[in-house]
Student: 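Structure provided below as structure tokens; questions to follow.
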Amino acid sequence: MSTLSEPHQTLQIYNTLSKKKEPFRTVEAGKVGIYLCGPTVYDKAHIGHMVGPVIFDCIKRYLVYCGYEVNWVVNLTDVDDKLINKANERGMTMLEVAEENIADYNENLTALGVTSVDHFPRATDCMDEIIAFIGSLVDQGFAYESEGDVYFEVGKDTHYGKLSNRTVDAMQGEGGGMAQRKRGLADFALWKSAKPDEPSWESQWGQGRPGWHIECSAMSKKLLGETFDIHGGGLDLVFPHHENEIAQSECCHTKPMVTYWAHNGLLRASSAAGKVGGRSERDGESASADGASADGGDGGKMSRSKGAGGLADLIASQGGERIRFFLLRTHYRSTVLFNEPAIEEAGIGLDSFYRLFKRYARITGKDFYDLEAAQTRDAGAIASDSDATQAATSACREKFLHDMDDDFNTGGAIGELFELVKIANKFCDDANLESEDKADTDVAKLEQLLSTLKELASILGIFSQPLTKTGGSGDELLAQAMQLVIDLRAEARASKNFATADAIRDGIGPLGVVLEDRAGGTEWSGGDEDTLDGIMQLLIELRQSARANKDFATSDTIRDRLAEINVTLEDRAGGTEWSKS
RNA sequence: GGCGCCGUGGCCAAGUGGCUAAGGCAUCGGAUUGCAAAUCCGACAUCGGCGGUUCGAAUCCGCCCGGCGCCUCCA
């Protein structure tokens with residue numbers, strides 16, 4: 001341990017091994033190796049699988065921002081009992097099952113903005129390293145062969161239990177189905193002999209496949225070395241998975257495997273489902289009958305057996321940025337209660353950022369997403385200035401970085417982002433930036449402020465590119481129809497016909513479209529795939545009432561303008577229908 | 001039974017020894033608006049309970065109540 005670099009000036013990381021926050025030191029000065037336990041790809045990913053990748057994506061971004069060169073590895077377990085079972089169920093090969101779910105996993109990661117992973121090693125691609133690793137443990141006397149299996153002999157590792165704070169004696173368990181092959185009940189498999197028709201690899205112990213724990217020891221060694229900086233994973237992996245990794249790697253190499261063990265909290269489903277039957281034996285009390293807490297409805301840990309799943313659907317309905325933002329609002333070591341309303345609430349918060357970006361575009365004619373922003377901590381420093389707005393901006397940035405330095409406190413950091421929005425909006429108000437006589441110097445200040453916002457948001461991996469919309473404002477025909485609606489309403493307002501103007505606005509409100517009257521004209525936002533038809537119906541109604549009032553100028557305008565965008569109206573007995581030609 | 005974690009306003013959530021306890025959502029006033037929306041200003045908690053340590057605690061210690069995790073595959 002004495003060979004670690006000098007500690008970082010400000011950054012502290014919580015270490016599961018010491019149960020404390022520690023100053024950040026690296027094995028090699030200026031470089032960081034990170035290993036995150038990825039999924040076993042026997043089924044589609046669920047949102048719980050995204051917690052680790054999202055926070056570690058932020059961690060990597062922050063470390064890079066702080067000047068480190070980072071190598072981040074996320075492994076994929078593509079050989080396992082569950083994969084074999086799934087392949088048999090579906091009449092596919094194990095490889096096909098793996099390919100399918102890896103593709104799904106990667107799509108999900110991309111949707112959530114997890115783009116900084118450097119390597120995705122697959123267990124089946126590292127078989128030589130795995131077998132060599134096991135061989136070394138056998139040669140050194142830490143592992144033994146038994147009927148074609150190879151087991152790690154836990155009793156030989158005097159430090160076993162140091163991560164999860166357990167003693168070998170205290171370890172319960174019956175040793176699993178293979179107890180008779182083991183010397184100690186806590187011994188775990190490094191190599192499992194193949195049953196007939198199972199995928200297998202050749203080794204000095206015969207045909208077989210690796211155990212789960214050894215994969216990570218071998219793959220991390222291959223890509224990051226015998227000692228590396230940060231090893232992450234869900235809290236549920238501390239025991240036995242990570243404890244076993246430590247045992248394997250440290251017995252094999254006689255040196256620390258990892259400097260910092262970083263574990264993320266787990267998601268809990270907050271649906272009525274919850275944990276129903278489980279855990280009846282172990283502690284025979286729990287007079288949960290009167291539990292009926294008024295806030296009820298909290299369920300147990302997210303997992304497939306609890307009905308978790310459909311991440312792709314969730315992303316489709318909520319959008320990746322919302323989900324990422326939702327996950328980042330809470331500290332990574334905390335448990336997060338997950339439900340869709342909570343994600344929607346996060347989305348409402350995000351909207352205030354998007355509105356600011358639009359305001360920025362109105363003022364400057366430029367796109368927030370094109371703004372230049374500092375990529376590094378040093379470059380982003382704001383020149384001290386007596387200007388109150390700049391001082392407030394700088395203070396926010398300092399607090400943001402202070403929060404990130406404190407074990408990646410993204411929740412606190414996000415608070416500062418909201419603070420920046422307020423500063424920016426207030427500045428726009430005070431400096432009259434939406435009027436004609438705005439000062440160029442003030443516009444420049446606004447750009448600098450938003451540039452800082454973008455710099456910090458980039459660390460969290462948000463606001464790096466415009467949302468891609470389906471329906472709503474992304475729909476060209478809807479946009480054209482909305483412009484017609486807005487023009488009609490503008491005419492009504494110009495002639496002080498507020499009843500009509502309000503009727504229009506009230507008519508589109510239920511469709512999820514919101515109007516905002518501004519100096520330069522009316523803006524609209526919102527809407528989904530069902531909005532277009534609603535807008536057309538509204539236009540048809542407006543035309544009908546105009547005709548009823550003998551206002552044929554207006555009714556003809558509506559029809560003609562619709563014709564311009566290739567929409568045809570046909571008056572039928574049952575009402576008017578619209579169609580796009 | 002063993003090892004841990006958590007309990008902050010209506011909801012979510014920062015803060016873990018010391019200025020007026022961040023921020024978001026919701027709500028209520030005010031400015032602004034034809035009315036709205038957006039924006040700004042303001043209002044809204046003493047931190048599960050009890051006791052202790054301390055000049056001083058949401059923050060440390062003890063006990064209690066409540067919620068959760070791991071000990072079996074799980075991010």
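Every value quoted in this text rests on a predicted model; they were computed, and no experiment measured them. The figures that follow rest on heavy atoms only: side chains count, while hydrogens, waters and symmetry mates do not. Every chain is numbered from 1, with letters handed out A, B, ... down the list of sequences.
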Student: Send over the distance from H213(A) NE2 to U72(B) P, rounded to a whole Å.
Tutor: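 About 11 Å, once rounded to whole Å.
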Student: For atom C1', what is the distance between G24(B) and A13(B), given to the nearest Å?
Tutor: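 The answer is 8 Å between these two C1' atoms.
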Student: When the distance from CG of L237(A) to C1' of U72(B) is rounded to whole Å, what number comes out?
Tutor: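 So the CG-C1' distance, L237(A) to U72(B), works out to 13 Å.
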Student: Mind calculating the distance between CZ (F239(A)) and P (A75(B)) to the nearest angstrom?
Tutor: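 To the nearest whole Å, that distance equals 17 Å.
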Student: Could you label the plane-to-plane angle of the F228(A) and Y35(A) rings as parallel, tilted or perpendicular, counting under 30° as parallel and over 60° as perpendicular?
Tutor: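 Rings of F228(A) and Y35(A): tilted, as their planes differ by 30° to 60°.
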Student: Can you measure W261(A) atom CH2 to A75(B) atom P for me and round it to whole angstrom units?
Tutor: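 One finds 15 Å between P of A75(B) and CH2 of W261(A), rounded.
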Student: Please report the C-alpha distance between F56(A) and Y332(A) in whole Å, then the side-chain angles of each, then the deciding distance to 0.1 Å, and finally whether the ring pair (Phe, Tyr, Trp, His ring centres under 6.0 Å) criterion is met.
Tutor: CA-CA 9 Å; F56(A) 276 89; Y332(A) 77 90; 7.1 Å; no
Student: What integer number of Å spans the C1' atoms of U53(B) and G17(B)?
Tutor: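 Looking at atom C1' only, U53(B) and G17(B) are 12 Å apart.
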Student: Kindly indicate, with the supporting measurements, whether the criterion salt bridge (charged side-chain N to carboxylate O under 4.0 Å, His left out) is fulfilled by E344(A) and R322(A).
Tutor: CA-CA 8 Å; E344(A) 271 162 30; R322(A) 272 191 181 191; 5.3 Å; no
Student: Check step by step if ring pair (Phe, Tyr, Trp, His ring centres under 6.0 Å) holds for F188(A) and H213(A).
Tutor: CA-CA 9 Å; F188(A) 55 89; H213(A) 314 301; 5.3 Å; yes
Student: L185(A) CG to U72(B) P: how many Å, rounded?
Tutor: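 It is 11 Å, rounded to the nearest whole Å.
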Student: Return the value, rounded to whole Å, for the distance between atom CG of L337(A) and atom P of U8(B).
Tutor: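 Going from CG in L337(A) over to P in U8(B) covers 11 Å.
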Student: Using a 4.0 Å heavy-atom cut-off, does H241(A) contact any base of the nucleic acid, only the sugar-phosphate backbone, or nothing at all?
Tutor: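 The answer is nothing, as H241(A) stays clear of every strand by at least 4.0 Å.
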Student: Measuring only the P atom in each nucleotide, how far is A21(B) from G9(B)? A whole number of Å is fine.
Tutor: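 One P to the other, the span is 15 Å.
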Student: Expressed in whole Å, how much space separates the C1' atoms belonging to A45(B) and G10(B)?
Tutor: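 Per the computed distance, 11 Å lies between those C1' atoms.
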Student: Does C40(B) have its OP1 or OP2 closer than 4.0 Å to a side-chain nitrogen or oxygen of N425(A)?
Tutor: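 For C40(B), OP1 or OP2 has a side-chain N or O of N425(A) closer than 4.0 Å.
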Student: Mind checking if V514(A) touches a base, just sugar-phosphate, or nothing, with heavy atoms under 4.0 Å?
Tutor: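 Sugar-phosphate, backbone atoms only, no base.
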Student: Between atom NE2 in H331(A) and atom P in U8(B), what is the gap in whole Å?
Tutor: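 About 17 Å, once rounded to whole Å.
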Student: Using a 4.0 Å heavy-atom cut-off across all strands, classify R489(A) as base, sugar-phosphate, or nothing.
Tutor: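 Counting heavy atoms under 4.0 Å across all strands, the contact made by R489(A) includes a base.
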Student: Which residue lies toward the 5' end of RNA chain B, D430(A) or R329(A), if each is placed at its nearest nucleotide?
Tutor: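 Of the two residues, R329(A) wins.
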Student: Determine which pairs satisfy side chain to side chain donor-acceptor pair (under 3.5 Å) with at least one residue from residues 109-118 of chain A, sequence neighbours left out, and list them in order.
Tutor: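 Matches after skipping sequence neighbours: D57(A)-S116(A), K60(A)-D118(A), R61(A)-T115(A).
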Student: Decide if the gap between the ring center of Y260(A) and the ring center of Y14(A) is smaller than 6.0 angstrom.
Tutor: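 Distance test on ring centres: not under 6.0 Å, no.
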Student: Using OP1 and OP2 only, check whether a side-chain N or O of N409(A) sits under 4.0 Å from A14(B).
Tutor: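 Checking N409(A) against A14(B): no side-chain N or O falls below 4.0 Å of OP1 or OP2.
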Student: Whole-Å distance between G4(B) P and N264(A) CG?
Tutor: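 Taking CG of N264(A) and P of G4(B), I get 20 Å after rounding.
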Student: If the P atom of C73(B) is compared with that of G23(B), how far apart are they to the nearest Å?
Tutor: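 Here C73(B) and G23(B) have their P atoms 46 Å from each other.
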Student: Would you say whether F498(A) stacks on G34(B)? The test is a distance between ring centres of less than 5.5 Å and an angle between planes of less than 30°.
Tutor: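 By the stated criterion, F498(A) and G34(B) stack.
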Student: Name the nucleic acid region contacted by G411(A), choosing base, sugar-phosphate or nothing; use a 4.0 angstrom heavy-atom cut-off, strictly under.
Tutor: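 Touches a base.
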Student: Could you measure between the two C1' atoms, the one in G42(B) and the one in U32(B), and give it in whole Å?
Tutor: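 Those two atoms are separated by 15 Å.
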Student: Toward the 5' end of RNA chain B, which comes first, R355(A) or E345(A), by nearest nucleotide?
Tutor: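 Closest to the 5' end, via its nearest nucleotide, is E345(A).
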Student: Determine the Euclidean distance between corresponding C1' atoms of C28(B) and C60(B); express it in Å to zero decimal places.
Tutor: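 Roughly 39 Å separates the two C1' atoms.
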Student: Categorize L515(A) for me: base, sugar-phosphate, or nothing, with a 4.0 angstrom heavy-atom threshold over every strand shown.
Tutor: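 Since a base atom lies under 4.0 Å of L515(A), the category is base.
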Student: Below 30° counts as parallel, above 60° as perpendicular, anything between as tilted: where do the rings of F353(A) and F357(A) land?
Tutor: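 Aromatic pair F353(A)/F357(A) classed tilted.
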Student: Looking for any heavy atom pair under 4.0 Å, which part of the strands does R359(A) touch: base, sugar-phosphate only, or nothing?
Tutor: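 Sugar-phosphate only.
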Student: I'd like the C1' distance from C44(B) over to A26(B), given in whole Å.
Tutor: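 A26(B) and C44(B) have their C1' atoms separated by 11 Å.
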Student: For K496(A), which contact category applies under a 4.0 Å heavy-atom criterion: base, sugar-phosphate, or nothing?
Tutor: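 No contact.
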Student: Could you check whether G232(A) gets within reach of a base, just the sugar-phosphate, or nothing at all, counting any heavy atom under 4.0 Å?
Tutor: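 Result for G232(A) = nothing.
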Student: Look at the side chain of K82(A) and decide which nucleotide, out of C68(B), C73(B), C70(B), has an atom nearest to it.
Tutor: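 The answer is C73(B), which lies nearest to the side chain.
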Student: At under 4.0 Å between heavy atoms, what does K426(A) touch on the DNA or RNA strands: base, sugar-phosphate, or nothing?
Tutor: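 K426(A): backbone/sugar contact only, no base atoms under 4.0 Å.
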